[in-house]
Amino acid sequence: MAGTIQSLILTPPSIVTSPFPCRKTCCLFSRSLRINPPRRSISTLIISRKPSDEIHGSDLANGLNWTKPLMNFASNNFLPLALTSGVAFGLVNPTLGCLADKCNLSKFSTFGIFVVSGLTLRSDAIGAAVKAWPVGLFGLSSILFFTPYFSRIILLIPLQPQEFVTGLAIFSCMPTTLSSAVALTQLAGGNSALALAMTVLSNLLGILIIPFSISKFIAVGVGVYVPTAQLLKSLVLTLLVPLILGKVLRESSRGLANFVDHNRRLFSKINAVFLSLVPWMQVSRSRSLLIMVKPAAFIVAIGMGMLLHLGLLAFNALAIRSLSAVSGGHKSIFSKKENAQAALLVASQKTLPVMVAVVQQLGGAFGESGLLVLPCVAAHLIQIVLDSFLANFWLRKELSSNTAKVA
């Protein structure tokens, strides 16, 4: 073993002779490099020399891609986010909201809500709903005369604070939503012209009827006297005048009407901001009372708001089906799917802005305004969410039936 190792160490490496001298080999190798250079395309050269700032810019763009879904979600759900943010901000820091309330910012925001609503109200489709006038008449009757009776059932529920119950009872006496029901009707493929006509007329007539409904259904149950004439005057000045002003501005300028129609999402967001200011100020003013409310009571109030909307849907669906049966069956105008969808959605929703304006005009006659409004904010959001699922169900059902017909 030792000898083997010694022989490995002492034996010199064998020299391999080459038939070509080293200098010639190196010369030929260098010539071959000069004669046949590697071929690289122009695109390869451009890619290989890509500026570093462009690389960093693309990396930054890829890093910000996650913000796009978040921004889309915020844009598509601006109203619920604005309302919940206003309530949350009023609970966390009520100082600024109380200051805004002392400066009567709530009157400005309410005025702005209905000016914008008047600007966005399109009356050209109302004439197209004349053919379905019996369905529209039922919808108006349900909104303004039948569904307010649900307030008496709500007032029978023993819940503390009492303002939660009273607020939902007032909410049931309101007209239909200013935009949500029409948008969902259009999404589902319903008669959007009929939905728009019922929305416009119910909100205009509702301002005149609401004082009498509150006096009849709620004031008696709560034991409070409501000056009906004074409330009617206040609602006309606060709601009807700015609504008509916005409508007159729209009809007097074709350019303004076109601008509003092409930027409806922007005006919808402006309206949502105005609307969120009111619960923000009212919750800020009532924070000391709200923090004493048990979470279980608020959860019960939210459940009551959900049951109220489900009850309105069930009542209107049963009424539409009954009217369809007694007026010609499947040939009846009530049995047309487009008309039934419009009537069901519009007659089952209640508007929050008018309710907030009514509570402001009542001046604390039914209790603290923040406690009255808070469960109605939740009920307003719940009805939009539930009806969006319903509209999506109708849309998918229509698409599947069309696919089956084609097949």
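For this chain, numbers begin at 1 and follow the sequence in order.
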Trainee: Do other residues, nucleotides or ligands put more than 12 heavy atoms under 6.0 Å from Arg264 CZ?
Mentor: yes
Trainee: Is a side-chain N or O of Ser172 found less than 3.5 angstrom from the main chain of Ala169, in a donor-acceptor match?
Mentor: yes
Trainee: To check you understand the geometry: which heavy-atom pair defines the closest contact between Ser202 and Pro175, and what is its length?
Mentor: O-CB, 3.5 Å
Trainee: Could you check whether any side-chain heavy atom of Val358 comes within less than 4.5 Å of a side-chain heavy atom of Met174, counting everything from C-beta outward?
Mentor: yes
Trainee: Run the side chain to side chain contact (heavy atoms under 4.5 Å, CB included) test on Leu390 and Leu386 for me, step by step, so that the C-alpha distance in whole Å, both residues' side-chain angles and the decisive distance to 0.1 Å come before the verdict.
Mentor: CA-CA 6 Å; Leu390 181 60; Leu386 291 178; over 6 Å; no
Trainee: Decide side chain to side chain contact (heavy atoms under 4.5 Å, CB included) for Phe259 and Ser253; before the verdict, give the C-alpha distance in whole Å, the side-chain angles of both, and the deciding distance to 0.1 Å.
Mentor: CA-CA 10 Å; Phe259 177 77; Ser253 175; over 6 Å; no
Trainee: What's the spacing between Ile333 CD1 and Phe138 CZ if we round to 0.5 Å?
Mentor: 13.5 Å
Trainee: Is the shortest heavy-atom distance from the side chain of Phe108 to the side chain of Leu277 under 4.5 Å?
Mentor: no
Trainee: To the nearest 0.5 Å, tell me how far Asn339 CG sits from Leu344 CG.
Mentor: 12.5 Å
Trainee: In this structure, which one of Phe146, Phe212, Phe150, Tyr149 forms a ring-ring contact (aromatic ring centres under 6.0 Å, His included) with Phe217?
Mentor: Tyr149
Trainee: Going from CG on Leu194 to OG1 on Thr185, what distance comes out if it is rounded to the nearest 0.5 angstrom?
Mentor: 8.5 Å
Trainee: For a quick test of reading the model, state the closest non-hydrogen atom pair linking Ala343 to Val135 and the distance between them.
Mentor: CB-CG1, 3.7 Å
Trainee: Would a distance-only check, ignoring hydrogens and angles, find a side-chain to backbone donor-acceptor pair under 3.5 Å from Ser252 to Leu249?
Mentor: yes
Trainee: Compare every heavy atom of Cys376 with every heavy atom of Leu168, then report the nearest pair and how far apart it is.
Mentor: N-SG, 3.9 Å
Trainee: So, do Phe274 and Pro353 sit near enough that their side-chain heavy atoms are less than 4.5 Å apart?
Mentor: no
Trainee: Could you measure the distance from the CG atom of Leu308 to the NZ atom of Lys350? Nearest 0.5 Å is fine.
Mentor: 8.0 Å
Trainee: State, with a plain yes or no, whether a side-chain heavy atom of Ser109 is found less than 4.5 Å away from one of Met281.
Mentor: yes
Trainee: Show the numbers, then the answer: is there a side chain to side chain contact (heavy atoms under 4.5 Å, CB included) between His309 and Asp387?
Mentor: CA-CA 9 Å; His309 185 60; Asp387 287 353; 2.7 Å; yes
Trainee: Between Ile154 and Phe171, is a side chain to side chain contact (heavy atoms under 4.5 Å, CB included) present by the stated rule, with each step listed?
Mentor: CA-CA 10 Å; Ile154 295 172; Phe171 187 65; over 6 Å; no
Trainee: Looking at every non-hydrogen atom in both residues, tell me the closest pair between Gly97 and Ser284 and how far apart they are.
Mentor: CA-OG, 3.6 Å
Trainee: Drop me the distance from Met355's CE to Ile214's CD1, to the nearest 0.5 angstrom.
Mentor: 8.5 Å
Trainee: If I compare all heavy atoms of Val359 with all of Ser369, which pair ends up nearest, and what's the gap?
Mentor: CG1-CB, 3.6 Å
Trainee: Keeping Thr177 on the side-chain end and Ala181 on the backbone end, is there a donor-acceptor pair under 3.5 Å?
Mentor: yes
Trainee: If we ignore hydrogens and angles and just use 3.5 Å, is the side chain of Thr176 paired with the main-chain N or O of Ala347 as donor and acceptor?
Mentor: no
Trainee: For Leu159 and Ala297, work out which heavy atoms get closest and say how close.
Mentor: CD2-O, 4.0 Å
Trainee: Does a sphere of radius 6.0 Å around NZ in Lys269 hold more than 12 heavy atoms from other residues, nucleotides or ligands, not counting ones at 6.0 Å or beyond?
Mentor: yes
Trainee: Would you say Asn258's side chain and Arg254's backbone share a donor-acceptor pair under 3.5 angstrom?
Mentor: yes
Trainee: If you define the side chain from C-beta out and look only at heavy atoms, does anything of Ile207 sit under 4.5 Å from Asn203?
Mentor: no
Trainee: When rounded to the nearest 0.5 angstrom, what distance separates OG in Ser322 from CZ in Phe334?
Mentor: 11.0 Å
